[in-house]
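To keep things clear, I will list the structure first and then write my remarks on it.
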Amino acid sequence: MNYIKRATQSLWAKKGRSIIMIAVFSAILIFVLAGLTIRSGAELATTNAKKSVGATVTLSTNREAMFNQQSETDSDEETTRPDPGSFERTPVNLSDAEKIAKLSNVKSYSFEASTSADKSTGITPISSDSDSEEASSDEQASGFGGQGAPGGMSQGDFQIKGVSQSSAYSEFSSGTASLVKGEAITSKDEGSNTVLIEQSLAEANDLSVGDTFKIKDSNDKDVEVTVKGIYKTSNSGYSMSARFNFMNPANTIFSSYTMVNTLAGSDGKTIDSAVYNLTDPKDMDSFVKQANKLIDTDTFSLETNDQMYQQMLQPLNNVSSFAKNIVILVAAAGVIILTLIIMLSIRERKYEIGVLLSLGESRVKVISQFFVEIFVCMIFALGIAAASGNVVGNAVGNQLLSQQTTSQNADGQADAAGNGGPGQGQGGQGQAPGGGNGGPRGGGQMGSNPFTQSEEIQELNISMQPTEILSLAGIGLGISLFSIVLSSAGILRLNPKKILIS
């Protein structure tokens, strides 16, 4: 009798055993398919994250090199610590920043400069504490935190942040600030005195879009500016905001970087920094190498920050790795379970095997009969897994991602607390004494972070693809073959005469 026909008759005759075999195989294949779809979904999300998040590179003064140079200059003195009052930042050449902006892989860029300005007419800064104004004036005259400002100048009433496009600035792109009235600062505003002011500052001074007011430049001359837009910020500032007006987020004014140069009295050909958003973080190293050839690396540096990108990918990488382990472990467990089931089946069907062998049926065909039985069960199990694996994959995958994201957030908060809070990050340490753009006042971009914040991936979009079904079929076939090979040793050792006699 044909061994394929015998296999189908055996499956139909032993329906209970066949159902159990299909159920066990279905459970194995469902979890294998879940692992495959989760891994595929995580890889797809990773690819999309690379394209959407990008990475950020900032061109700015090489502070470490300049401090080292200052230390060498002061080496003849008793201390090698550089004098903060004598430190002067070298502004970034605008032409160099524009050359780098033309390199490939640059999705967007922003030229940034900063300074501070005193009030003149038509506007009054917001003070967090009315009783602190007099103390603030005295303390500002002696410098921030007791350290004298360069030349004994005041820190200013307003912090002026110059950008090439306000929408690309980190506070706006991250959602911390949003435009509520008017228009944003764009490249068309270069050379003009149009500004964005904070909503509470506008309300306190009864200013609206199109109104004008005057502030003082570095030479104490009045500069008239026009309100182009009004924005709202959720930034609560720092504890020092009550003592220094320019540190109050409400007193931050956005303008074109060319206006900052005007206020600071520079020639207009320099900026404080340039921030480049890359389309693909994988090309960050090659981008930095190309950009370094266009600048003086002893004076300027390129700082990369793909922290947000890595933060987004870490949970996905963990989920992908876990899904891979699921496939391996479930496949290995499936081989073991099916091998045991087949061995038990062989023990129960010894007499049947003995009769077949005594009738001259080869051991290979007997083994092939068992393989056909398992293969047929695998076909039914494959259909069940394909119907339910997508649901299981979404449920398990999103639960794993949620756990990984929660765990990472907890670790991030612990790290932030250990480092003194999020305000101690990149922007908090970045400014050297002397303020932005070489201006005589302080100010600068204190506490600001040029790097765009990105939302974490909260959900995996897992959908079953034909490639996953083919992979599942291949894994199922492999499990069947390994199970038969491991359990066939018992059949090869059987002696038909001993079986029939016993």
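The residues of the chain are indexed from 1 along the displayed sequence. Just so we're clear, the structure is a prediction, and the values are computed from it rather than from any experiment.
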**Request:** Run the salt-bridge test on Glu373 and Arg6 with the 4.0 Å N-O cut-off and return the result as yes or no.
**Result:** no
**Message:** So that I can tick it off, tell me whether Lys161 and Glu171 are bridged by a salt bridge, with the cut-off set at under 4.0 angstrom between side-chain N and carboxylate O.
**Reply:** yes
**Asked** Does the side chain to side chain contact (heavy atoms under 4.5 Å, CB included) test come out yes or no for Val330 and Ile28, once each step is laid out?
**Response** CA-CA 6 Å; Val330 173; Ile28 294 171; 4.0 Å; yes
**Asked** Stepwise, does the side chain to side chain contact (heavy atoms under 4.5 Å, CB included) test hold for Tyr276 with Phe287?
**Response** CA-CA 10 Å; Tyr276 304 95; Phe287 173 82; 4.3 Å; yes
Is a side-chain donor or acceptor of [X] paired with a backbone partner of [Y] at a separation under 3.5 angstrom?
{"X": "Glu198", "Y": "Ser200", "answer": "yes"}
{"X": "Asn248", "Y": "Ala250", "answer": "yes"}
{"X": "Ser26", "Y": "Ala385", "answer": "no"}
{"X": "Asp272", "Y": "Ser114", "answer": "yes"}
{"X": "Ser487", "Y": "Thr339", "answer": "no"}

Close side-chain approach of [X] and [Y], heavy atoms under 4.5 Å:
{"X": "Gln369", "Y": "Glu352", "value": "yes"}
{"X": "Glu98", "Y": "Leu94", "value": "yes"}
{"X": "Leu481", "Y": "Ile479", "value": "no"}
{"X": "Leu294", "Y": "Asp96", "value": "no"}

[atom1]/[X] to [atom2]/[Y] distance, rounded to the nearest 0.5 angstrom?
{"X": "Arg349", "Y": "Leu344", "atom1": "CZ", "atom2": "CG", "answer": "12.5 Å"}
{"X": "Ile379", "Y": "Leu477", "atom1": "CD1", "atom2": "CG", "answer": "8.5 Å"}
{"X": "Leu103", "Y": "Lys293", "atom1": "CG", "atom2": "NZ", "answer": "10.5 Å"}

**Item:** Val106 and Thr279: CA distance, side-chain angles, deciding distance, side chain to side chain contact (heavy atoms under 4.5 Å, CB included) verdict
**Value:** CA-CA 6 Å; Val106 177; Thr279 54; over 6 Å; no
**Asked** Do Phe254 and Phe172 have their ring centres less than 6.0 Å from each other?
**Response** yes
**Request:** Output, in order, the C-alpha distance, side-chain angles, deciding distance and verdict of side chain to side chain contact (heavy atoms under 4.5 Å, CB included) for Asn251 and Gln159.
**Result:** CA-CA 6 Å; Asn251 293 327; Gln159 183 176 183; over 6 Å; no
**Other residues, nucleotides, ligands: >12 heavy atoms within 6.0 Å of Lys15 NZ** = yes
**Asked** Is the number of heavy atoms from other residues, nucleotides or ligands under 6.0 Å of Tyr109 OH greater than 12?
**Response** no
**Request:** With sequence neighbours excluded, tell me which residues meet side-chain contact (heavy atoms from CB on, under 4.5 Å) with Lys188.
**Result:** Thr186
